[in-house]
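The block underneath contains the structure these notes are about, expressed in structure tokens.
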Amino acid sequence: EESVSGFNVEVAPKQFEYQIDNYGIAAADDLVILRYLLKKEGENHGIHVNYDDPKPFESLNGSGLHTNFSYRGIDLGYKKFIETLRERHTKHMEYYGNGNEKRMTGEMETSSFEEFSYGDSDRTTSIRIPILADSSNFYIEDRRPASSANPYHVVRLLCEALHESVTTS
């Protein structure tokens with residue numbers, strides 16, 4: 001089963017975005033394998049592949065590891081989950097990638113590294129609530145992780161936040 005469901009060219013030169021269509025640890029596994037294969041193929045062709053610097057060009061958009069996270073089937077209002085993410089923001093930012101403070105300036109479709117925010121279909125917030133999300137199929141897009149983030153940390157932190165939301169409600 002293929003889990004790379006798409007890719008597109010981004011704003012910065014030679015910058016691409018890949019969509020991994022899988023869940024939890026399996027999605028992190030797929031991303032790690034894809035990163036490895038892209039690096040190896042780049043080496044074969046003399047191309048440097050960079051995931052380590054999420055803001056290689058000061059005047060252009062940086063590279064994020066935007067993560068869609070669904071908790072469909074769990075009886076929990078999204079406001080509670082969002083509030084838990086707000087409370088845990090500083091902790092998440094410690095694990096959301098080296099150099100992320102350079103990328104998350106509050107400009108160029110990013111939120112502030114220091115401040116948590118969310119909004120409906122708002123690409124300038126920490127957490128974007130897609131327009132198709134509703135109470136029966138709720139998901140969020142965490143726009144905070146940088147391209148340099150370890151996807152296993154991202155999955156762990158989101159699952160911990162969800163668990164905390166459910167057990168304290």
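- A side-chain contact (heavy atoms from CB on, under 4.5 Å) with L85 is found for exactly one of H92, K80, E164, namely H92.
- Under a cut-off of 6.0 angstrom, the local environment of CD1 in I25 is sparse, with at most 12 non-hydrogen atoms contributed by other residues, nucleotides or ligands.
- Crowding of N50 atom CG: a count of heavy atoms from other residues, nucleotides or ligands under 6.0 Å exceeding 12.
- Around atom CD of E94, more than 12 heavy atoms belonging to other residues, nucleotides or ligands sit under 6.0 Å away.
- For the pairing with I20, the side-chain contact (heavy atoms from CB on, under 4.5 Å) check across D29, N68, D30 returns one residue only, D30.
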side-chain contact (heavy atoms from CB on, under 4.5 Å) between R35 and K40: does it pass, once the steps are laid out? CA-CA 9 Å; R35 284 176 171 177; K40 292 310 273 183; over 6 Å; no
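- For E160, the CD atom counts as densely surrounded, since its 6.0 Å shell holds more than 12 non-hydrogen atoms of other residues, nucleotides or ligands.
- Using a 4.0 Å cut-off between charged nitrogen and carboxylate oxygen, D142 and R128 do not count as a salt-bridge pair.
- The backbone N or O of V49 sits less than 3.5 Å from a side-chain atom of K39, completing a donor-acceptor pair.
- If you look at Y152 and Y95, their ring centroids are not closer than 6.0 Å.
- Looking at heavy atoms from C-beta onward, M93 lies in side-chain contact with F113 at the 4.5 angstrom threshold.
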Please assess R143 against S126 for the test side-chain contact (heavy atoms from CB on, under 4.5 Å), listing each intermediate value before the final yes or no. CA-CA 5 Å; R143 299 179 57 80; S126 306; over 6 Å; no
